[in-house]
S.K.: 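Sharing a structure with you now.
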Amino acid sequence: MVFYFKARPDAGDYTIFMGLDKFENEELIKYGFPEDVWFHVDKMSSAHVYLRLHKGQGFDDINEGGLEDCAQLVKANSIQGNKVNNVDVVYTPWSNLKKTAPMDVGQVGFHNPKMVRTIRVEKRVNDIVNRLNKTKVERTPDLRAEREAVNAAERAERKQHLREKKKREEIERLEKERQAEMRSYKGLMVTDKMTSNKDIASSNKSLQELEDDFM
């Protein structure tokens, strides 16, 4: 089961979500989206909280309100972290999560530690936690199917872009050929290389003589 929450309106139209337990967290790690940002209480056991950004956004686009919502939610869902003040919460893009065979269920590392950031939560703010809990919706999604649907849509989008690129290139090729043909035609029509009827009449040559000159 996955719990879904709505971030505060001034943070943007974002969904925050977390798994029921470590087994659900394992699925969220495996089938995350590129737009997901992962939050966890540093050096303590806690829920894995995710913020799903809009396509094309990165974790630099999270504003202060969005960060506070996620940090408060992850602190409130840590047995140890919820009891103490001055808790550090770490967050990083889903793509930076690293999973290796020896790790326990729900445990993760990082591909690049430099992409992990920390936010200090001085204390639990009940107003924030209560507001988020009022928006909570429980669902049992098919995370694998959702991920595969996104992959299929991305493949279709790439194919469409490729088709459009090839079409543009073909149009450009035909236009270049047309321009080259026009330049060639203009070269044949240069005035000083042409003989007008007036020139023929003034030359006092017979038609046979002109044909002989041409040959």
Side-chain angles (χ1 to χ4, degrees), residues 1-99 103 106-139 141 143 146-147 150 154:
M1 183 172 297
V2 179
F3 302 108
Y4 294 87
F5 307 83
K6 295 299 294 182
R8 66 183 70 183
D10 59 2
D13 184 21
Y14 296 123
T15 297
I16 303 170
F17 57 97
M18 65 182 184
L20 173 66
D21 53 32
K22 63 181 181 179
F23 299 102
E24 200 71 46
N25 289 334
E26 194 76 8
E27 294 292 293
L28 292 174
I29 294 167
K30 187 175 182 180
Y31 297 116
F33 286 19
E35 296 78 26
D36 292 343
V37 180
W38 174 89
F39 290 78
H40 196 276
V41 175
D42 191 27
K43 300 176 182 178
M44 296 182 188
S45 175
S46 78
H48 292 211
V49 169
Y50 292 83
L51 173 66
R52 179 155 295 168
L53 300 175
H54 303 308
K55 191 171 183 178
Q57 290 186 320
F59 72 155
D60 287 328
D61 297 308
I62 307 173
N63 63 22
E64 185 176 342
L67 284 176
E68 187 174 29
D69 276 2
C70 293
Q72 283 290 330
L73 189 61
V74 77
K75 174 180 168 25
N77 286 276
S78 168
I79 295 175
Q80 182 181 358
N82 191 42
K83 298 176 181 178
V84 297
N85 294 332
N86 296 314
V87 170
D88 286 332
V89 171
V90 293
Y91 63 102
T92 194
W94 166 81
S95 59
N96 193 41
L97 298 179
K98 179 181 179 181
K99 186 74 182 181
M103 290 181 176
Q107 184 181 6
V108 294
F110 308 112
H111 292 289
N112 184 1
K114 292 182 180 179
M115 291 184 65
V116 180
R117 297 183 181 176
T118 303
I119 180 174
R120 172 60 61 93
V121 182
E122 294 183 0
K123 62 180 181 179
R124 171 173 170 148
V125 180
N126 287 325
D127 287 346
I128 296 175
V129 176
N130 293 339
R131 169 175 51 78
L132 289 168
N133 282 331
K134 288 178 181 179
T135 70
K136 184 168 71 172
V137 176
E138 300 178 9
R139 286 175 47 209
L143 297 173
E146 289 182 358
R147 178 68 256 186
V150 170
E154 290 175 347

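All values derive from a computational prediction rather than experimental measurement.
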S.K.: Hey, does E146 have a side-chain heavy atom less than 4.5 Å from the side chain of Y31?
M.R.: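 Not touching, per the 4.5 Å side-chain cut-off.
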
S.K.: Would you say that I62 contacts V37 through its side chain, given a criterion of any heavy-atom pair below 4.5 Å between the two side chains?
M.R.: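 Side chain of I62 against side chain of V37, heavy atoms only: contact under 4.5 Å found.
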
S.K.: Would you say the side-chain atoms of S95 pair up with the backbone N or O of P34, donor to acceptor, closer than 3.5 Å?
M.R.: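 Pair absent, no side-chain N/O of S95 close to backbone of P34.
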
S.K.: Kindly indicate whether the side chain of N112, heavy atoms from C-beta on, has any atom under 4.5 Å from the side chain of K98.
M.R.: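 No. Closest side-chain heavy atoms not under 4.5 Å.
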
S.K.: Got a second to check how far F3's CZ is from L73's CG, nearest 0.5 Å?
M.R.: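 Nearest 0.5 Å value for the CZ-CG distance: 11.0 Å.
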
S.K.: Rounded to the nearest 0.5 Å, how far apart are CG of N133 and CD1 of I128?
M.R.: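 Going from CG on N133 over to CD1 on I128, the span is 12.0 Å.
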
S.K.: Would you name the heavy atoms of V84 and K75 that are closest together and state the gap between them?
M.R.: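 For V84 and K75, the tightest heavy-atom pair comes out as O-NZ, 2.7 Å.
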
S.K.: Looking only at heavy atoms, which two atoms of D10 and N63 are closest? And how far apart?
M.R.: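 Of all heavy-atom pairs spanning D10 and N63, the closest is O-ND2, 3.2 Å.
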
S.K.: Any idea how Y91 and F59 line up, ring-wise: parallel (<30°), tilted (30 to 60°), or perpendicular (>60°)?
M.R.: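 Correct class here is perpendicular.
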
S.K.: Check whether any side-chain heavy atom of H111 sits under 4.5 Å from a side-chain heavy atom of N96, and report yes or no.
M.R.: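 Side chain of H111 against side chain of N96, heavy atoms only: contact under 4.5 Å found.
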
S.K.: Is I79 atom CD1 crowded by more than 12 heavy atoms from other residues, nucleotides or ligands, each under 6.0 Å away?
M.R.: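 No - once you tally the heavy atoms of other residues, nucleotides and ligands closer than 6.0 Å, there are 12 at most.
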
S.K.: Just how far is it from atom CG of N77 to atom NE2 of H48, taken to the nearest 0.5 Å?
M.R.: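 N77 atom CG to H48 atom NE2 measures 11.5 Å (nearest 0.5 Å).
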
S.K.: Looking at G66 and A11, what are the two nearest heavy atoms and their distance?
M.R.: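 In this case the closest contact between G66 and A11 is N-CB, 3.6 Å.
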
S.K.: Looking at every heavy atom in both L53 and G58, which two are closest together, and how far apart are they?
M.R.: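 Looks like CD1-O, 3.2 Å.
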
S.K.: Just verifying a value: how many Å separate Y4 OH and F17 CZ, rounded to the nearest 0.5 Å?
M.R.: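 Atom-to-atom, Y4:OH and F17:CZ are 6.5 Å apart.
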
S.K.: Apply side chain to side chain contact (heavy atoms under 4.5 Å, CB included) to residues R131 and D69 and explain how you reach the verdict.
M.R.: CA-CA 10 Å; R131 169 175 51 78; D69 276 2; 2.8 Å; yes

S.K.: Mind checking salt bridge (charged side-chain N to carboxylate O under 4.0 Å, His left out) for D60 and listing every partner two or more places apart, or none if nothing turns up?
M.R.: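 Only R117 meet the salt bridge (charged side-chain N to carboxylate O under 4.0 Å, His left out) criterion with D60.
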
S.K.: Decide side chain to side chain contact (heavy atoms under 4.5 Å, CB included) for E35 and H54; before the verdict, give the C-alpha distance in whole Å, the side-chain angles of both, and the deciding distance to 0.1 Å.
M.R.: CA-CA 6 Å; E35 296 78 26; H54 303 308; over 6 Å; no

S.K.: Run the salt bridge (charged side-chain N to carboxylate O under 4.0 Å, His left out) test against R52 and tell me which residues pass, sequence neighbours left out.
M.R.: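 Listed in chain order: D36.
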
S.K.: Give me the atom names and distance for the closest heavy-atom approach of E24 to D21.
M.R.: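 Closest heavy-atom pair between E24 and D21: N-OD1, 2.9 Å.
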
S.K.: Under the salt bridge (charged side-chain N to carboxylate O under 4.0 Å, His left out) test, which residues partner E68, sequence neighbours left out?
M.R.: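 E68: salt bridge (charged side-chain N to carboxylate O under 4.0 Å, His left out) contacts with R8.
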
S.K.: Quick check on Q107: does its CD atom have over 12 non-hydrogen neighbours (other residues, nucleotides or ligands) under 6.0 Å away?
M.R.: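 It does: Q107 CD has more than 12 such atoms within range.
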
S.K.: Quick one: pull up CZ in F33 and CG in L143 and give me the separation to the nearest 0.5 Å.
M.R.: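 Between atom CZ of F33 and atom CG of L143 there are 8.5 Å.
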
S.K.: Could you report the tightest heavy-atom contact between A71 and I119, atom names first, then the distance?
M.R.: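 Smallest interatomic distance, heavy atoms only, reads CB-CG2, 4.1 Å.
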
S.K.: Mark yes or no for whether T118, through its side chain, and V90, through its backbone, hold a donor-acceptor pair below 3.5 Å.
M.R.: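 It does not hold such a pair.
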
S.K.: Side chain to side chain contact (heavy atoms under 4.5 Å, CB included) for I29 and Y50? Distances and angles first, verdict last.
M.R.: CA-CA 10 Å; I29 294 167; Y50 292 83; 3.6 Å; yes

S.K.: Look at atom NZ of K136 and say whether more than 12 heavy atoms of other residues, nucleotides or ligands are closer to it than 6.0 Å.
M.R.: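 Counting other residues, nucleotides and ligands, NZ of K136 exceeds 12 neighbours.
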
S.K.: Taking the side chain as every heavy atom from C-beta outward, state whether K99 and E26 have any pair of such atoms under 4.5 Å apart.
M.R.: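 Yes, side chains in contact.
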
S.K.: Within a 6.0 Å radius of atom NZ on K43, are there more than 12 heavy atoms belonging to other residues, nucleotides or ligands?
M.R.: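 Open: at most 12 neighbouring heavy atoms sit under 6.0 Å from NZ of K43.
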
S.K.: With a 4.5 Å limit on heavy-atom distance, are the side chains of F39 and L67 in contact?
M.R.: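 With C-beta onward as the side chain, the pair touches.
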
S.K.: Return the CG to CD distance between N126 and Q72, rounded to the nearest 0.5 Å.
M.R.: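 Here the interatomic distance stands at 8.5 Å.
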
S.K.: Apply side chain to side chain contact (heavy atoms under 4.5 Å, CB included) to residues V108 and W38 and explain how you reach the verdict.
M.R.: CA-CA 11 Å; V108 294; W38 174 89; 3.7 Å; yes

